[in-house]
Amino acid sequence: CVGNVYILMFTFNSRLDTDKPVEDNMVATIEYGGHAIFVITATLLCGFLCGVYVPIPGFRSLCVQMAAICLMAFLLQMFIFLPSMVWNCKRTQDNRMDCIPVKRQDGKPPKKSFLTETKDLFKNYPTIRHSTTKQSLLSKFANAIYGPIILNKVIRLLIIAFFIIFTGGTAYVTLQMTNDGLMMSDVAK
């Protein structure tokens with residue numbers, strides 16, 4: 001699941017168009033890298049869910065937890081990491097500090113060419129060639145449905161609330177598990 005972040009970052013940096021806003025560059029990232037992330041996550045989920053049929057309770061529990069973690073990582077990447085990338089680009093464009101984003105660095109005015117500077121950092125990497133004549137189904141979905149929904153402030157708050165509740169529920173269920181794992185009776189008769 002960590003590899004998905006590298007795919008997102010590489011795709012974002014190789015698809016940069018300095019004439020477009022950051023949000024449009026992120027949509028292009030989802031168009032050309034989103035299917036790879038989906039396939040990787042689906043493959044991991046299938047693999048871990050196949051492990052649920054192993055008769056060893058400890059291994060079964062591990063597989064269920066790993067499947068949940070893979071699904072959670074995918075959701076976090078789509079709903080938290082991608083908007084954070086957009087926010088970070090906007091913060092850098094506005095010449096704001098890393099740790100204290102409310103303060104500009106040395107009172108400098110906002111940068112006008114952040115995307116150009118970022119593109120220069122990755123000039124030695126191969127670029128992704130694409131055709132702009134025909135949009136794929138994923139491109140249409142990202143432009144028409146995903147982008148407008150994720151940029152809605154109410155949806156953003158709902159996503160944050162969902163992940164807080166999900167994290168709390170996961171912590172609660174984890175603390176309630178007492179007989180999970182490999183017991184001596186499973187190994188020796």
Side-chain angles (χ1 to χ4, degrees), residues 1-45 67-104 109-119 122 128 130-173:
C1 291
V2 175
N4 293 348
V5 174
Y6 293 111
I7 291 171
L8 287 173
M9 291 301 295
F10 177 78
T11 307
F12 180 72
N13 288 316
S14 64
R15 302 273 315 139
L16 280 179
D17 185 355
T18 55
D19 297 330
K20 292 183 179 178
V22 178
E23 291 87 357
D24 291 346
N25 285 309
M26 188 54 67
V27 168
T29 299
I30 296 167
E31 289 175 8
Y32 293 95
H35 63 281
I37 293 168
F38 178 77
V39 168
I40 290 168
T41 303
T43 304
L44 287 171
L45 278 174
I69 288 170
C70 285
L71 183 61
M72 186 67 174
F74 175 75
L75 293 174
L76 285 170
Q77 288 161 359
M78 290 293 113
F79 295 110
I80 302 295
F81 185 72
L82 288 177
S84 296
M85 285 174 59
V86 171
W87 179 79
N88 188 48
C89 286
K90 287 185 174 185
R91 177 200 57 79
T92 308
Q93 280 179 337
D94 204 24
N95 205 22
R96 300 206 177 263
M97 297 178 72
D98 287 339
C99 296
I100 310 169
V102 294
K103 183 177 186 257
R104 285 204 172 109
K111 294 180 183 178
K112 293 181 180 162
S113 62
F114 165 74
L115 294 177
T116 305
E117 292 173 9
T118 305
K119 187 78 166 175
F122 292 90
I128 297 172
H130 60 89
S131 171
T132 57
T133 57
K134 184 180 177 187
Q135 282 191 332
S136 66
L137 185 61
L138 187 61
S139 299
K140 291 176 186 176
F141 172 77
N143 282 328
I145 298 171
Y146 180 76
I149 289 174
I150 198 72
L151 293 175
N152 186 335
K153 289 187 181 206
V154 173
I155 299 298
R156 289 180 188 177
L157 291 174
L158 288 173
I159 290 169
I160 291 170
F162 169 76
F163 281 109
I164 289 171
I165 291 168
F166 184 81
T167 303
T170 303
Y172 175 76
V173 169

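Everything quoted here is computed from the prediction, not taken from an experiment.
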Do [X] and [Y] come within less than 4.5 Å of each other through their side chains, counting heavy atoms only?
X: Phe79; Y: Phe162; value: no
X: Ile159; Y: Arg156; value: no
X: Val5; Y: Gln77; value: yes
X: Met78; Y: Ile37; value: yes
X: Ile30; Y: Leu8; value: no

Rounded at 0.5 Å granularity, tell me how far [atom1] in [X] sits from [atom2] in [Y].
X: Leu45; Y: Cys70; atom1: CG; atom2: SG; result: 5.5 Å
X: Leu76; Y: Phe166; atom1: CG; atom2: CZ; result: 9.0 Å
X: Met85; Y: Phe12; atom1: CE; atom2: CZ; result: 5.0 Å
X: Ile40; Y: His35; atom1: CD1; atom2: NE2; result: 9.5 Å
X: Met9; Y: Thr29; atom1: CE; atom2: OG1; result: 9.5 Å
X: Ile69; Y: Leu44; atom1: CD1; atom2: CG; result: 11.5 Å

Closest non-hydrogen atoms of Asn152 and Val154, given as atom of the first, atom of the second and distance, are OD1-N, 3.0 Å
On a heavy-atom basis, which atom in Val39 and which in Thr43 lie closest, and how many Å separate them?
O-OG1, 2.7 Å
Is it true that a side-chain atom of Asn25 and a backbone atom of Pro21 form a donor plus acceptor pair closer than 3.5 Å?
yes
Does Phe81 have any ring-ring contact (aromatic ring centres under 6.0 Å, His included) partners at least two apart in sequence or in another chain, and if so, which?
none
Between Leu75 and Ile80, does the side-chain contact (heavy atoms from CB on, under 4.5 Å) criterion hold? Intermediate values first, please.
CA-CA 8 Å; Leu75 293 174; Ile80 302 295; over 6 Å; no
Mind checking side chain to side chain contact (heavy atoms under 4.5 Å, CB included) for Ile164 and listing every partner two or more places apart, or none if nothing turns up?
Ile160
